[in-house]
Amino acid sequence: MTLTVENATRQAKQTWSRLGVDKAAAEEMAEELSADLVAADLDGRSVADYIGGDIEALATSWAMERDLLPVQHRRLKETAAAAAKGAALPALLAVLLCWVSWSHLLDPCAGWGTGPDGEVLGCRSTLDAWWMWAGWALCAATAYWLVLRSVSRRLEHHLAAGRDATRRALLRTLPLIVVAAALVGGGIGLLGAIVFGQLGILAFPVALAAMPAAVAAGTAWIRHRTCRPVDTIS
């Protein structure tokens, strides 16, 4: 699709909005860009040729040259959303492993009833199975990598201030955040089993939602700690 003056100006405004440029300044630059592109078109130059083929790069460099990027923008919502996105798949796999254990697909049991001495019979737990622990370890390692990558890319996408400091902090603290999220999910699962018994499966969706939420909260807290407001910086 041929890049027009309108399309180029709209993409530039979207880029400036993403980077947190003041709306009034963005409108002023958009008008200036539109005028430049119209003048270039009258001189026989195409829009793509004038901007060098990358409107986002042009808009970003323009905002940086004019010192219009926010000095300190925490992007806490974006950080939390990126962390939750990175943790979603590992959380789903961890819950599936728990469901396999709960349903005893890999260790069929004799069922429920009473023994000769009146004791209650049931299915044995599979928490001691090697595949369960190996699977959880793999989920935790995957969550660490995906969350770190997702958050780093999101902060880089917004050219967020303090993104390097946040990444360094996450390298150290993210393992603890992931473990804490796993404990939250496991606690919900155990509580569901105690309260609902064979209907403990009802707790699985809650655990699935709670784990990414816990990772998102912990990661946003780290971002909050590593990117202070301007008025607190000495």
Side-chain angles (χ1 to χ4, degrees), residues 11-12 14-21 53-61 63-64 68-100 131-189 204-229 233:
Q11 291 180 32
Q14 291 174 347
T15 300
W16 291 323
S17 176
R18 168 171 61 83
L19 296 177
V21 174
D54 192 342
I55 186 62
E56 287 196 5
L58 175 65
T60 300
S61 63
M64 294 177 66
L68 294 175
L69 297 182
V71 176
Q72 204 78 309
H73 199 310
R74 287 179 170 178
R75 299 284 182 184
L76 295 182
K77 292 181 180 179
E78 291 85 349
T79 300
K85 180 180 178 181
L89 180 58
L92 176 60
L93 295 177
V95 169
L96 286 177
L97 285 172
C98 291
W99 179 80
V100 170
W131 55 265
M132 175 65 70
W133 293 102
W136 284 342
L138 180 60
C139 289
T142 302
Y144 176 85
W145 180 73
L146 288 179
V147 171
L148 183 62
R149 185 185 68 166
S150 181
V151 171
S152 298
R153 287 184 174 181
R154 183 63 62 88
L155 294 178
E156 184 66 32
H157 180 70
H158 290 285
L159 294 182
R163 54 189 180 276
D164 291 336
T166 299
R167 178 180 172 83
R168 289 193 298 268
L170 285 177
L171 286 172
R172 301 188 302 269
T173 59
L174 194 53
L176 297 178
I177 294 174
V178 170
V179 170
L183 292 176
V184 169
I188 292 174
F204 287 2
V206 180
L208 178 59
M211 286 188 286
V215 171
T219 305
W221 181 77
I222 294 299
R223 175 63 182 167
H224 173 80
R225 296 277 296 178
T226 56
C227 186
R228 295 175 297 166
I233 299 177

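One-based numbering along the sequence shown.
Two residues are said to be in side-chain contact when any heavy atoms from C-beta on lie closer than 4.5 Å; Arg223 and Leu155 meet this criterion. Contact of the Thr15 side chain with the Ile55 side chain is not registered, since no non-hydrogen atoms from C-beta on lie closer than 4.5 Å. Residues Thr79 and Arg154 are not in side-chain contact: their nearest non-hydrogen atoms beyond the backbone lie 4.5 Å or more apart. Residues Val147 and Val215 meet the side-chain proximity criterion, which asks for heavy atoms closer than 4.5 Å.
Between Ile188 and Ala210, the shortest heavy-atom distance links the atoms CD1-CB, 3.5 Å. Annotation for Leu76 and Ala220: closest pair CD2-O, 3.6 Å, computed over non-hydrogen atoms. The shortest heavy-atom contact between Cys98 and Trp136 is SG-CZ2, 3.7 Å. A pairwise comparison of heavy atoms in Gly86 and Pro90 identifies O-CD, 3.4 Å as the closest pair. The heavy-atom pair separating Ala182 from Met211 by the smallest distance is CA-SD, 4.2 Å. Closest approach of Ala80 and Ala216 over heavy atoms only: O-CB, 3.3 Å.
Not a single donor-acceptor pair under 3.5 Å links the side chain of Ser150 to the backbone N or O of Leu146. Side-chain atoms of Tyr144 never come within 3.5 Å of backbone atoms of Cys139 as a donor-acceptor pair (strictly under, hydrogens ignored).
Other residues, nucleotides and ligands contribute more than 12 heavy atoms inside 6.0 Å of the CZ atom of Arg149.
Atom CG of residue Leu148 and atom CZ of residue Arg153 lie 11.0 Å apart, to the nearest 0.5 angstrom. We find the CD1-CH2 distance between Ile177 and Trp221 to be 8.0 Å, quoted to the nearest 0.5 Å.
Donor-acceptor pairing under 3.5 Å is recorded for the side chains of Thr166 and Thr226.
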Take Thr142 and Leu89 through the test side-chain contact (heavy atoms from CB on, under 4.5 Å) and record every step on the way to the result.
CA-CA 9 Å; Thr142 302; Leu89 180 58; 5.9 Å; no
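Of the residues listed (Val151, Leu174, Leu170), the one engaging Ile222 in a side chain to side chain contact (heavy atoms under 4.5 Å, CB included) is Leu170, and it is the only one.
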